[in-house]
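No hydrogens, no waters, no symmetry mates; every other heavy atom, side chains included, goes into these values.
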Amino acid sequence: MRLLKWTLIFAFMLVVVVVASPFAMRFYVEDNLAERGIEGSIKSVGVNIFTGRLTFKGVKLGQSEKDTVKFGELKAKIGLLALFADELHFQELSARDVEIHYSQTSAKHGIFAEQLDHFLSRLAGGKLFTVDKFALEDVELCRYIQLSGKNSQMQCMNFGSLYTETLALNRTGNKWRYDFGPRMIVRRAYLQDETHGLSVFYLGEANLEGVIVSPGKRTVRRGEFINFQLVETGDEQAPELFSRFNTQFGRLVLSNLNYSASTDKALSISDVLAESWRQSVHRGPTGEFIVVEKLKDFFPVSQSDDEGVNGLMQVKIGKMRFVDGAVVWYDQAVSPTASEKIARLHLDLSEIDSLKPEQDVQINLKAEAGKINGILNVRGKVRPFAKGFPHDLAIGASGLDMAKLSAYASEILGQKVHGGEFSSQFKSISDGSELALDGIARIARLDLDKDKNVKFKRTDVTDLYDLLKNARGAIEFSAEIKHDLTADSSLNDSLAKAFQEVLYGIANRSYLAGDKNNPVDSARARYSIQLEPFYFALSEETLSDKYNGRMAAVMRLASSGDSLLIDACPVATAGEWSSRFNSGQALRDKNDVSFKQLQELIDLSLSRFQTIRQELRDSGVPSRRINDCRPQVDLKESGPSYVEISMR
């Protein structure tokens with residue numbers, strides 16, 4: 001009987017506690033908070049004495065529209081026995097239609113955090129506060145930011161849902177710590193900028209493990225973010241940008257993330273894996289980077305909030321790997337607008353540490369560039385936190401479309417670039433004060449603005465390119481360029497000067513691929529400038545008018561050096577023989593060509609040589625510098641006859 005008696009008394013006490021709890025909560029919200037100048041209300045309260053489930057609907061407390069908390073529905077299932085132990089235990093705690101608004105000028109964490117801290121300290125004291133299943137649905141968290149000289153700006157973070165298997169709050173005096181574990185799931189989270197009507201970021205889903213939050217510290221053992229997108233571009237931006245967001249990750253995995261918000265702010269991550277990365281780098285008309293400027297607007301910080309080592313956050317990240325990336329470069333600060341797309345980007349980086357600026361970071365990058373199967377490779381080491389960005393890199397590029405980067409290429413070439421293909425293999429080395437570039441470059445199918453007669457020494461760039469290109473329409477050259485990073489001149493100035501000197505040097509054979517340091521005289525014994533042949537119409541001894549400009553360029557180049565030797569070699573072809581002697585039918589056997597026919601072709605070739613020789617002499621080139629070759633008849637060549645010119 002005694003046992004039954006105490007059992008009934010205990011059960012009655014539990015019922016009283018369960019039944020009284022929601023009404024005590026209502027009293028606290030509506031009466032106790034009113035004494036502290038905070039308005040509060042609850043539309044309805046429900047209790048189930050059999051399951052221990054409490055339900056609150058229409059919960060609201062606040063001081064103003066900018067400092068208010070609302071719950072459409074709040075449910076709790078209490079572990080009743082824990083009320084009499086050293087633990088405040090909820091088997092379930094969930095809420096939906098949650099709105100939390102706070103202003104920066106209010107308490108540090110807003111009215112919600114202030115009242116939650118006060119309530120838990122009154123209710124739980126020094127007890128352990130735990131929840132077995134914690135869930136939030138349809139949450140809106142808004143803050144009002146007062147910017148200097150501007151009206152307050154509202155920014156809202158929205159969550160579709162947030163779920164964690166366990167939630168524990170440990171309190172000891174003023175010290176506290178939240179443990180979300182072993183796993184927390186967030187779905188459909190986005191930060192809205194109400195002023196511009198754009199999303200700062202959107203997150204499809206996050207799977208987090210080992211999350212711990214304490215004053216000034218955040219820890220995540222492993223975080224997997226799926227469909228993460230940062231900074232919506234908006235309709236006012238260039239349509240050339242390939243997506244609505246500046247940054248996108250199909251999947252982003254971070255391991256062992258630790259963030260400290262103490263005096264010396266620090267962020268450390270052991271490993272980063274990014275898959276399906278998409279990045280737009282957009283420079284506006286006045287030179288500002290759009291992403292950076294927008295983030296400054298979205299996340300303004302006061303000077304006191306940005307303290308740390310030299311005012312910057314300490315950053316340490318272990319190895320990073322980016323798989324299947326793509327980057328769009330779009331620059332409106334130059335004219336014409338420059339743009340380029342880099343796709344299928346794979347990037348590996350070794351550890352970076354802002355506290356070790358002298359530590360080398362190994363980099364290995366492979367990507368495709370442009371629409372003409374361009375390839376980009378970068379290997380070597382960099383020091384991203386050292387002054388002047390010291391580095392030692394081997395860079396390979398092939399098939400880059402010069403028209404897409406016309407604004408930069410035009411500065412270097414001195415003439416507007418309409419088209420061309422650039423390839424190179426070079427070393428880029430810098431100690432932070434001087435930059436040295438050394439390698440081989442190839443420019444093919446260059447199309448310059450020939451209306452502008454921008455002079456380069458005695459010959460303009462167009463003339464030099466036309467003269468120096470091979471039969472495939474390309475020029476190849478080696479160069480060594482040094483640029484003083486501390487000087488007032490830009491790198492483009494150094495590149496322009498070097499390119500012009502290299503081109504003119506090629507014309508005089510002082511720059512030779514693989515042998516650029518040899519003096520001109522010794523180089524002549526082994527090399528010559530092979531110009532594109534001058535083709536002649538059938539039976540004609542003089543050049544057609546279309547060659548007037550090119551011949552004038554040859555004469556200017558030939559007259560620019562007193563020691564430059566010129567070889568002019570006339571060649572008659574089977575194509576001309578067929579047109580003259582065989583009614584256009586192709587030659588089948590060389591024995592079909594008679595001696596008389598051969599002699600006519602040779603005589604015609606000599607006349608063509610004399611024509612070019614005379615034009616060179618008229619331009620001031622002495623006869624002693626013009627060498628004639630023995631005329632040849634090429635019975636394997638089906639094209640028109642020609643005179644081949646080379647200089648040495």
Side-chain angles (χ1 to χ4, degrees), residues 238-242 281-283 285 287 327-343 368-376 397-424 426 440-477 479 481 490-504 506-507 531-535 544-554 556-557:
E240 288 82 355
L241 294 178
F242 69 101
V281 184
H282 182 187
R283 201 159 75 121
V327 177
V328 169
W329 169 254
Y330 189 77
D331 190 354
Q332 292 179 293
V334 296
S335 182
T337 298
S339 64
E340 185 57 276
K341 294 183 179 180
I342 299 176
E368 294 181 3
K371 297 181 179 179
I372 51 178
N373 299 320
I375 301 295
L376 181 65
S398 64
L400 301 186
D401 188 355
M402 296 178 67
K404 302 287 286 183
L405 304 173
S406 175
Y408 311 127
S410 298
E411 285 188 25
I412 297 173
L413 298 180
Q415 293 171 253
K416 187 175 181 180
V417 178
H418 297 291
E421 184 179 315
F422 177 80
S423 303
S424 68
F426 65 95
I440 298 174
R442 180 179 185 271
I443 298 177
R445 296 184 289 278
L446 183 64
D447 183 10
L448 295 172
D449 190 346
K450 295 183 171 63
D451 294 334
K452 291 184 178 180
N453 192 23
V454 179
K455 291 296 181 179
F456 160 54
K457 293 191 176 180
R458 296 181 178 85
T459 308
D460 64 35
V461 174
T462 305
D463 289 339
L464 277 175
Y465 176 78
D466 286 341
L467 288 172
L468 299 176
K469 67 184 180 182
N470 57 29
R472 295 184 300 275
I475 60 172
E476 297 181 4
F477 56 90
I481 302 169
S490 68
L491 178 59
N492 274 348
D493 293 336
S494 297
L495 290 174
K497 180 180 178 181
F499 180 78
Q500 293 172 352
E501 289 178 350
V502 166
L503 273 188
Y504 198 76
I506 293 173
L531 305 182
E532 187 179 5
F534 287 83
Y535 293 97
S544 64
D545 293 341
K546 71 177 183 179
Y547 283 110
N548 289 344
R550 210 165 156 254
M551 178 54 69
V554 170
R556 287 199 301 273
L557 183 62

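The two residues Val417 and Ser406 come nearest to each other via the heavy atoms O-OG, 2.8 Å. Scanning both residues, Ser339 and Leu405, for their nearest heavy atoms gives O-CD2, 3.9 Å. Minimum heavy-atom separation, Ala407 to Ser335: CB-O, 3.8 Å. Scanning both residues, Gly399 and Ser423, for their nearest heavy atoms gives N-OG, 3.0 Å.
Scored by the side-chain hydrogen bond (donor to acceptor under 3.5 Å, both in side chains) test, Tyr408 finds Trp329, Asp331 as partners (sequence neighbours excluded). Every residue two or more places apart in sequence or in another chain that forms a side-chain contact (heavy atoms from CB on, under 4.5 Å) with Thr337 is listed here: Tyr330, Gln332.
For the atom pair Glu340 CD and Asp401 CG, the distance stands at 6.5 Å (nearest 0.5 Å).
Between Glu368 and Ile375 there is a side-chain heavy-atom pair separated by less than 4.5 Å.
With respect to Glu421 and Arg445, a salt bridge is recorded, a charged nitrogen being found less than 4.0 Å from a carboxylate O.
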